[in-house]
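The chains referred to below are lettered A, B, ... by the order of the sequence lines, with proteins before strands, and numbering in each begins at 1. Quantities reported herein were computed from a predicted structural model and do not represent experimental measurements.
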2 protein chains.
Amino acid sequence: MTKQQNQKPDYEKMLRKAGVRITRPRRAIVEILTHCEDHPDALEIFRRAAEVDSSISLSTVYRTMKVLEGLGAIHRHAFEGGPSRFEQAGGEHHDHLIDLDTGDVIEFKSDRIEHLQNEIAEALGYDIVHHRLELYGRKRKAS
Amino acid sequence: MTKQQNQKPDYEKMLRKAGVRITRPRRAIVEILTHCEDHPDALEIFRRAAEVDSSISLSTVYRTMKVLEGLGAIHRHAFEGGPSRFEQAGGEHHDHLIDLDTGDVIEFKSDRIEHLQNEIAEALGYDIVHHRLELYGRKRKAS
DNA sequence: CGCCAGATGACACTCAGTTGCAAAAGATTG
DNA sequence: CAATCTTTTGCAACTGAGTGTCATCTGGCG
């Protein structure tokens, strides 16, 4: 009965369409993803889900993330030695700057870089399937 | 009594300088790194080391890679879901294109991309500590 | 409401890497 | 060259992230 279903990907519809059942755990996880502003890892999603329904298991979180990833509903990012972190798909493509002190993730986008990447792959005789561009840095302090 | 010691980083000197002991296992590992043309992972280095001295343990390989990484003598790359792969430092900075079919790694370099990265970080108020740019692709088939 | 393929929770397992520890082996000194 | 004092090693036990197995449960269709 809520009225938000046009901005973010409609996970329920996607799941149904893919012939995947909409179960209580999946509903909870998808709900979390929909409203989340950051890039949580599986354990964090599990914690948030447990607040709503403590019977949800971590395995189910992992499995669900796999399903959603397979449907293209979320993106998985494996930053610098940490566990995979997720974000809902659907927005524009972007890359990430990771704050080394806080773990915060800042999204950015550069058509020029994308373009140069294609040129490079072209020159090497390759077709890019996907790419990964991550900047790791610290806030510049104005002392 | 061999005569190559000017091209590649002189690991023995680096180790000694850092007050790290030059042991038989370390000598073997460093020897492998010096002559290797690819981007092996720890297990592969272990295998190659075992051919020379079968008493070397995998833990020692892991430990040694950590030490060398700490000294800045090698670079560690964590590509797409695989184990860490290593390459000797000392050459010019470059990024990587990974062949999804073979796992081969092709090195490339783009000053323009580097420059754009700095601009972006600058604009976001960050100093880049390091970055990761990986292209994943397949050989373009001329059908 | 009843059915049953698909999903779940619990738990064993894998894989990459790390750690604790007693034994071994570098380096440094006499 | 031997004594000594650390550092390093090999081994095996452990960790963390994620996967696989399987008996049980359940969503959604008739």
Discussion item. At less than 4.0 Å, is any side-chain N or O atom of A/R26 found next to OP1 or OP2 of C/dA7? Yes or no.
Written reply: yes
Practice prompt. Establish whether the base of C/dG20 is bridged to the side chain of B/R63 by a donor-acceptor pair shorter than 3.5 Å.
Written response: yes
Worksheet entry | Whole angstrom value for the distance that separates P of C/dA27 from CZ of B/R16 | 6 Å
Practice prompt. Take atom CG of A/D53 and atom C1' of C/dA7, then tell me their distance rounded to the nearest Å.
Written response: 14 Å
Discussion item. From the set D/dG10, C/dT8, D/dA17, return the single nucleotide nearest to any side-chain atom of A/T23.
Written reply: C/dT8
Discussion item. Between P on C/dT8 and NZ on A/K66, what's the gap in Å once rounded to a whole number?
Written reply: 15 Å
Discussion item. Go nucleotide by nucleotide along DNA chain C from the 5' end; which of B/R24 and B/G82 gets its closest nucleotide reached first?
Written reply: B/G82
Worksheet item: Any side-chain donor paired with an acceptor under 3.5 Å for A/Q88 and A/H75?
Response: no
Fill in: Length of the CZ-P vector between A/R85 and D/dG18, whole Å
12 Å
Worksheet entry | Donor-acceptor pair present, A/R21 side chain and C/dA5 base, under 3.5 Å | yes
Discussion item. Which label fits B/H77 and B/H39: parallel for a plane angle under 30°, tilted from 30 to 60°, or perpendicular past 60°?
Written reply: tilted
Fill in: Between C1' of D/dG20 and CG of A/L58, the distance in whole Å
14 Å
Discussion item. Regarding B/K109 and B/D95, does a basic nitrogen lie under 4.0 Å from an acidic carboxylate oxygen?
Written reply: no
Worksheet item: Quick one: is C/dT18 close enough that its OP1 or OP2 comes under 4.0 Å of any side-chain N or O from B/Y62?
Response: no
Worksheet item: When you measure from the side chain of A/P83, which nucleotide among D/dG18, C/dA16, C/dG9 comes out closest?
Response: D/dG18
Worksheet item: Is A/I98 reachable from B/F79 through a run of hydrophobic residues whose side-chain heavy atoms are each under 4.5 Å from the next?
Response: no
Discussion item. Please determine whether a side-chain nitrogen or oxygen atom of A/S57 lies at a distance below 4.0 Å from atom OP1 or OP2 of C/dT8.
Written reply: no
Worksheet item: C/dC15 P sits how many Å from B/D41 CG, rounded?
Response: 13 Å
Discussion item. Looking only at the side chains, is there a donor atom on one of A/T64 and A/R26 sitting less than 3.5 Å from an acceptor on the other?
Written reply: no
Discussion item. At 4.0 Å (heavy atoms only), tell me whether A/L43 reaches a base, stays on the sugar-phosphate, or touches nothing.
Written reply: nothing
Fill in: Integer-rounded Å distance: D/dT19 C1' and A/E69 CD
14 Å
Worksheet item: Closest to the B/S59 side chain: C/dA27, C/dT19, C/dG17?
Response: C/dT19
Discussion item. It should be established whether B/S55 places a side-chain nitrogen or oxygen under 4.0 Å from OP1 or OP2 of nucleotide D/dT9.
Written reply: no
Worksheet item: Could you give the CD-to-P distance, from A/E44 to D/dG16, as a whole number of Å?
Response: 17 Å
